[in-house]
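Report on one structure; see the data block that follows.
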Amino acid sequence: MEREDGTSVAVAVVTERRFAQDFSQRYREFLEKQKLLDRRHRVEKMPNGTVALPVLGETLPAQLLEELRTRVAPGSTCVLTQLLDPLPSKKALGCSPARRLCLEVRRWVEGRGVAWSAELEADLPRSWQRHGNLLLLNEDCFQNKQWKNLGPELWETVALAFGVQRLAKRGRVFPDGTRTPAVTLLHGDHGWVEHVDNGIRYKFDVTQCMFSFGNITEKLRVASLPCAGQVLVDLYAGIGYFTLPFLVHAGAAFVHACEWNPHAVVALRNNLEINGVANRCQIHFGDNRKLKLSNIADRVNLGLIPSSEEGWPIACQVLRQDTGGILHVHQNVESFPGKNPQPPGSSKMEKEHWPYPQKIITNDWENGTARDFRRKPPSQTTKLEWQRWAESAETRIATLLQQVHGKPWKTQILHIQLVKSYAPHVDHIVLDLECRPVL
């Protein structure tokens, strides 16, 4: 049970010290037989010497209390009380969260006169995300129509089983360009949470903003990059997933953070403040394809999946014309046997933004655009599909660079990094591409 201030509460039967032995023996046996003993919480010795035995429900009938005093342990004294933040029992601590959830929900459902079934058990969650005292359930649970008839008290039971104060359930991400999560708050009064990665604090509303735990490897990697004194443009900043590591740990001198989700912008502005780097970042709210910046960046982060292709022209635009810089290009790449990436010049984005024919450029400076093939061979852990996609992207970006800046550039694949497995046979990777003007 939970109070309005979020404090956990358990109801307990309390007896005086001189009846403690009866309490632990006769009371326990009686309450177990009546299926009233709360096995989730420990028997507690109170500061005044009394002993409290947690029970299920918000109260006990008066006749049961009288039966404890007169028949179970004649002459004893017992009253009901509330335990604030009760301690979990050893059994509860040793039970897996999924198993504990099943036991608690089943007990609650059967208490409502509903028969428990294999279908209901199979519909319980098997995975979730925990954000402090808020638990975010996946969309593939609690879909059975029977749950809808059980009322909001169901969500209080689920939250209690997990030991959290708020509960939410995700749906599919809306295809609205801002990747707004379809998240419903089931229990609690707001969706704001705080998460800490590598010493960086992220605050955001889970009902309005995305957060991927799987991106932690890339956040750690960019935090270690040598960015001291550099200006960076983050074209898809979100709540600051990569903006903050670049500023806090990598030592970037300044970041231009682009974002068009107003809820993410609110979180980003707050996160810059609480991490003490707001004076080194400018937020550009709106469509980054209309960004007015140019000739400014030493690095550009393109952290959008499944593809950041629509940001490639603007990424080329913001790179410094005199020295160039490095692009960090995110992409989902399929690894199905027999399937090859699209050839250069075949994407809808490229045809819309660059309507004239493209060439596959070799290391021939006379062709106007150059690619530098003096790169390290791919490592044994780099999939062939990743390398093919990276080479295709390199060719197209080299062409875009010449078209944007009006002079030839050379490019080099520095690194291909796996971020996470996005789906079966689909990998989220990052291409580090060095781009330098030909002087």
N/O donor-acceptor pairs under 3.5 Å from side chains in residues 242-250, not counting sequence neighbours:
| residue | atom | partner | partner atom | Å |
| --- | --- | --- | --- | --- |
| Thr243 | OG1 | Asp234 | OD2 | 2.7 |
| His249 | NE2 | Asn198 | O | 2.7 |

Contact list for residues 144-154, test salt bridge (Lys or Arg N to Asp or Glu O under 4.0 Å), sequence neighbours left out: none
In short, Val404 meets Pro313 closest at the heavy-atom pair CG2-O, 4.2 Å
Decide yes or no on side-chain contact (heavy atoms from CB on, under 4.5 Å) for Leu120 and Gln146, but give the supporting numbers first. CA-CA 8 Å; Leu120 290 179; Gln146 283 188 275; 3.8 Å; yes
Using the test side chain to side chain contact (heavy atoms under 4.5 Å, CB included), find all partners of Cys141 that sit at least two apart in sequence or belong to another chain. Pro125, Leu137, Lys169
Only counting residues at least two apart or in another chain, list the ones meeting side-chain hydrogen bond (donor to acceptor under 3.5 Å, both in side chains) with Arg99. none
Scan side-chain atoms only and decide if Asn138 and Arg170 contain a donor-acceptor pair under the 3.5 Å cut-off. yes
Taking the side chain from Thr217 and the backbone from Val419, do they hold a donor-acceptor pair closer than 3.5 Å? yes
List the steps and the verdict of side-chain hydrogen bond (donor to acceptor under 3.5 Å, both in side chains) for Arg201 and Asn271. CA-CA 7 Å; Arg201 295 169 62 193; Asn271 291 335; over 6 Å; no
Tell me the ring pair (Phe, Tyr, Trp, His ring centres under 6.0 Å) pairs involving residues 269-296, sequence neighbours left out? His256-His284
Quick one: list whatever passes side chain to side chain contact (heavy atoms under 4.5 Å, CB included) with Arg130, sequence neighbours left out. Leu135, Phe162, Val164
Between Ile274 and Lys203, does the side-chain contact (heavy atoms from CB on, under 4.5 Å) criterion hold? Intermediate values first, please. CA-CA 9 Å; Ile274 63 178; Lys203 285 188 174 182; 4.1 Å; yes
Compare every heavy atom of Ala168 with every heavy atom of Leu134, then report the nearest pair and how far apart it is. CD2-CB, 4.4 Å
Nearest heavy-atom pair of Trp108 and Leu150: which atoms, and what distance? CH2-O, 3.2 Å
Using modelled atom types only, decide if a donor and an acceptor are shared between the side chain of Gln412 and the backbone of Leu414 within a distance under 3.5 Å. no
So does Leu235 get a backbone contact from the side chain of Asn288, meaning a donor-acceptor N/O pair under 3.5 Å? yes
Flag the pair Glu104 and Arg107 as a salt bridge only when some basic side-chain nitrogen lies within less than 4.0 angstrom of an acidic carboxylate oxygen. yes
Does the side-chain contact (heavy atoms from CB on, under 4.5 Å) test come out yes or no for Leu327 and Trp312, once each step is laid out? CA-CA 9 Å; Leu327 305 182; Trp312 293 2; over 6 Å; no
According to the salt bridge (Lys or Arg N to Asp or Glu O under 4.0 Å) rule, which pairs have a member within residues 111-129, sequence neighbours left out? none
Return the set of residues passing side chain to side chain contact (heavy atoms under 4.5 Å, CB included) with Ala297 (not counting sequence neighbours), or none when no residue passes. Val233, Val300, Val318
Partners passing side-chain hydrogen bond (donor to acceptor under 3.5 Å, both in side chains) against His428 (at least two apart in sequence or in another chain): His330, Lys420
Can you say whether the rings of Phe211 and Tyr241 are parallel (under 30°), tilted (30 to 60°) or perpendicular (over 60°)? tilted
N/O donor to acceptor pairs below 3.5 angstrom from side-chain atoms of residues 432-439, sequence neighbours left out:
| residue | atom | partner | partner atom | Å |
| --- | --- | --- | --- | --- |
| Asp432 | OD1 | Arg221 | NH2 | 3.1 |
| Asp432 | OD1 | His328 | ND1 | 2.7 |
| Asp432 | OD2 | Arg221 | NH1 | 2.7 |
| Asp432 | OD2 | Arg221 | NH2 | 3.4 |
| Glu434 | OE2 | Arg436 | NE | 2.9 |
| Glu434 | OE2 | Arg436 | NH2 | 3.2 |
| Arg436 | NH1 | Thr323 | O | 2.8 |

I'd like to check the side-chain hydrogen bond (donor to acceptor under 3.5 Å, both in side chains) partners of Arg280; sequence neighbours left out, ordered by chain and number. none
Set out, in order, the CA-CA distance, both residues' side-chain angles and the distance that settles side-chain contact (heavy atoms from CB on, under 4.5 Å) for Val333 and Val426, then state yes or no. CA-CA 6 Å; Val333 176; Val426 180; over 6 Å; no
Does Gln321 offer a backbone N or O that forms a donor-acceptor pair with the side chain of Asn295 under 3.5 Å? yes
Between Gln143 and Glu139 (side chain of the first, backbone of the second, donor and acceptor by atom type, cut-off under 3.5 Å), is there such a pair? yes
Looking at Gly325, is its backbone amide N or carbonyl O close enough to the side chain of Arg320 to form a donor-acceptor pair, meaning the two atoms are under 3.5 Å apart? no
Residues in side chain to side chain contact (heavy atoms under 4.5 Å, CB included) with Ala253, at least two apart? none
Atom CG in Leu56, atom CG in Leu37: separation rounded to 0.5 Å? 7.0 Å
Quick one: do Glu110 and Arg106 make a salt bridge, cutoff under 4.0 Å? yes
